[in-house]
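Below is one structure; the comments refer to it alone.
Letters go in sequence order (proteins before strands), and every chain restarts at 1. Here the structure is a predicted model, which is why all the values come from computation and not from measurement.
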Protein chains: 2
Amino acid sequence: MSNENKIQVTIIEDDKTIREGFTYLINASPKCNVISSFSTVEDALTKLQANAPNVILLDIELPGISGIDAIPKIKNLLPKTHILMLTVYDTEELVFKALSNGASGYLTKNSNTEKITDAIQEVMDGGAPMSMNIAKIVIKSFHKNTNSPLTKRETEILEQISEGKSRSKIAKDLFVDLETVKSHIKNIYSKLNVHSREDAIKQAKDNKYI
Amino acid sequence: MSNENKIQVTIIEDDKTIREGFTYLINASPKCNVISSFSTVEDALTKLQANAPNVILLDIELPGISGIDAIPKIKNLLPKTHILMLTVYDTEELVFKALSNGASGYLTKNSNTEKITDAIQEVMDGGAPMSMNIAKIVIKSFHKNTNSPLTKRETEILEQISEGKSRSKIAKDLFVDLETVKSHIKNIYSKLNVHSREDAIKQAKDNKYI
DNA sequence: AGCTATATCACGCTTATAGGGGGAAATCAC
DNA sequence: GTGATTTCCCCCTATAAGCGTGATATAGCT
C-alpha cells in the first residue's frame with residue numbers, strides 16, 4: 001500500500017523514546033503511516049494545519065498545555081481529525097474530561113502495538129476504541145446504587161428537581177397536588193439529611209441514587 | 001476442563017431458535033457452559049436461585065417483564081452474577097437504561113460467536129465488553145458541543161445552576177457579587193431563548209453545551 | 001492603538017418559590 | 001392486615017427568581 005492511502009497518524013508525546021518507539025511500531029503496520037510527531041501541544045498547533053493527519057495519538061501529561069486542554073484546540077483547528085488518548089493515566093476524572101472535550105477513544109499505554117494499530121483503524125471507521133480498564137470506568141459511571149433509601153416516587157421527584165424544575169412544575173407533570181410534591185420533598189430531605197435542593201442533588205449524585 | 005470449572009452461563013431469550021443456537025455455540029467453547037435457559041424473565045426469576053450462573057445473557061424484548069426491568073430484579077436475587085445484554089436494539093435510551101440498571105456489558109446480536117464467548121470471559125474478569133456500535137454511542141454521549149453560544153463563565157454558571165445551586169450560592173462560590181451572577185443568568189437566558197432555570201438546563205443539555 | 005466581547009456590579013420592582021411545622025386519609029405490597 | 005408508600009391539607013416567613021435598564025473595567029484580537 002502506498003503511504004498516501006494509509007491512515008495518516010500524528011503523535012504528540014513528550015518522551016522522545018516513547019515517541020520514536022511508537023513511530024517505528026506504527027510505521028511497521030501496513031495500514032498506518034506516521035506523518036509527524038511533536039513533543040508539545042504548542043509546537044503541534046502551529047504546524048498541524050500544513051499537513052493534517054487522520055488520527056492523532058495524544059498523551060495527557062505534557063509540558064505547557066496538557067493533552068486534555070489540547071483536545072478542543074486541535075478539534076477547532078482540524079474538526080475531522082480523530083483524537084485517540086494514549087496515556088498511563090486512567091482516573092475517572094481524566095477519562096471524563098478527555099471524552100467531554102472530544103476524544104474519540106482512550107487507550108492506556110500498556111496496550112500492545114497490535115491493539116494500538118487496531119484502535120487507529122477502529123477510530124477511522126467511526127468507532128470508539130477503549131482499553132478494558134477504561135471501558136470498565138465508563139460503564140461503572142452509569143450504574144445506579146441499588147440500595148437507595150428513596151422510594152420510586154421520591155427518586156422520580158428528586159430527578160426532576162435535578163433537572164431544575166420547580167415544585168409546582170413537578171406537581172403539574174406528575175398530575176398530583178403541589179402539597180404532595182412538598183410532602184415528598186420533605187421526606188427526601190429527611191432521608192438524605194439535607195435542607196436544600198442543592199445538597200439533596202449532591203448527596204443523591206454522590207451516592208448514585210439518581 | 002470439567003464443566004464445574006467453566007464459566008456457568010444462563011440465557012434468557014424468547015426465541016427458541018436463537019436460544020438453542022447460542023446454547024450450542026457457547027457450549028462448544030472450552031471455557032463456557034450453559035447451565036440453564038429461559039424464555040421469560042418470570043420463569044427465570046423463580047428458578048435462578050437454585051442454580052446460580054456466573055453470567056446471564058439477557059435479551060431486551062421479551063414477553064411480560066422486559067430485559068431492562070429484569071436487570072434490577074436479577075441483581076437483587078443474584079448480586080454477584082454479571083448481566084450481559086445481548087439484543088438487536090441499540091438506541092441510546094435502551095443502552096443507558098440497561099447500564100443504569102446494572103448491566104455489565106452490552107452486545108448487539110450481529111456479534112460473532114467468538115466475540116460472545118470472549119465477552120463472557122471479559123465480564124467474568126471484571127471488564128465491560130461492548131460492541132463497537134455501543135461503545136460509539138456511549139463515548140458520543142460524553143462529547144460536548146464545541147459550538148456553544150455561551151462564554152466560559154456563562155457555561156460555568158449554568159453548570160452550577162444545573163447542580164441546583166441558588167444564585168446567591170453561586171455568587172459566593174465564584175467570589176463575585178449576586179448582581180454579577182444575575183447579570184450572567186440574564187445573558188444566558190437571552191442567548192438560549194428561555195425564561196427559566198428549567199428550560200435553560202434542558203436547552204443546554206439537549207445541545208450538549210453542558 | 002482601537003475595538004469588541006466578556007465579566008463585573010447597581011437599583012428597583014413583583015410574584016413565585018423554598019423550606020419547615022404539624023397533621024390525615026387512601027392505597028399497595030408482602 | 002400491617003407497614004410502607006402515596007396522596008393531600010393548612011399554617012408560616014424569608015428569599016429567590018425573573019425582568020427592566022443601566023454602567024464600568026479589562027482582556028483579547030487585529
### Message
Would you say that more than 12 heavy atoms from the other residues, nucleotides or ligands in this model lie under 6.0 Å from the CD of Glu42(A), or not?
### Response
yes
### Task
Quickly work out the Glu179(B) CD to dG12(C) P distance and round it to whole Å.
10 Å
### Message
Looking at Lys202(B), I want to see if its NZ is surrounded by more than 12 non-hydrogen atoms of other residues, nucleotides or ligands under 6.0 Å.
### Response
no
### Summary
Leu178(B) CG to dA7(C) C1', in whole Å, measures 15 Å
### Side-chain heavy atoms of Tyr106(B) within contact of Val138(B), under 4.5 Å
no
### Task
Go through the steps for Glu198(A) and Lys169(B) under the test salt bridge (Lys or Arg N to Asp or Glu O under 4.0 Å), then give the verdict.
CA-CA 9 Å; Glu198(A) 184 196 350; Lys169(B) 181 72 189 316; 2.8 Å; yes
### Query
What integer distance in Å separates Lys152(A):NZ from dA29(C):C1'?
12 Å
### Task
For DNA chain D, determine which residues of residues 154-168 of chain B have any heavy atom closer than 4.0 angstrom to one of its atoms, and list them numerically.
Ser166(B), Arg167(B), Ser168(B)
### Query
When rounded to the nearest 0.5 angstrom, what distance separates NE2 in His184(A) from CD1 in Ile161(A)?
11.0 Å
### Summary
Picking from dG19(C), dA10(C), dG23(C), the nucleotide nearest the side-chain atoms of Ser183(A) would be dG23(C)
#### Entry: Gap between atoms NE2 and P, on His184(B) and dT8(C) respectively (whole Å)
4 Å
### Salt-bridge present (Asp43(A), Lys47(A); N to O < 4.0 Å)
yes
### Message
Output the rounded distance in Å from CG (Leu174(B)) to C1' (dT6(C)).
### Response
15 Å
### Query
Do Glu122(A) and Lys136(B) meet the salt-bridge criterion of a basic N to acidic O distance under 4.0 Å?
no
### Task
Let me know, please, whether Val194(A) or Asn187(B) comes out on the 5' side of the other along DNA chain C by nearest nucleotide.
Asn187(B)
### Query
Is there a donor N/O on one and an acceptor N/O on the other, under 3.5 Å, for the side chain of Lys182(A) and the base of dG23(C)?
no
### Query
Nearest-Å distance, NE2 (His195(A)) to C1' (dT17(C))?
19 Å
### Task
Would you give the length of the straight line joining atom OG1 of Thr87(B) to atom CG of Leu94(B), rounded to the nearest 0.5 angstrom?
7.5 Å
### Message
Could you tell me the boundaries of the chain A footprint on DNA chain D, defined by atoms under 4.0 Å from its heavy atoms?
### Response
dT5(D) to dC11(D)
### Query
Toward the 5' end of DNA chain C, which comes first, Tyr189(A) or Arg153(B), by nearest nucleotide?
Arg153(B)
### Query
Roughly how many Å is it from CZ in Arg197(B) to C1' in dT17(C), rounded to a whole number?
11 Å
### Task
Check every strand shown and say whether Ser196(A) touches a base, only sugar-phosphate, or nothing at a heavy-atom separation below 4.0 Å.
sugar-phosphate
### Query
Within this structure, what is the NZ-to-C1' distance between Lys169(B) and dA18(C), rounded to whole angstrom?
16 Å
### Query
Are Glu93(A) and Lys97(A) close enough for a salt bridge, meaning some N to O gap below 4.0 Å?
yes
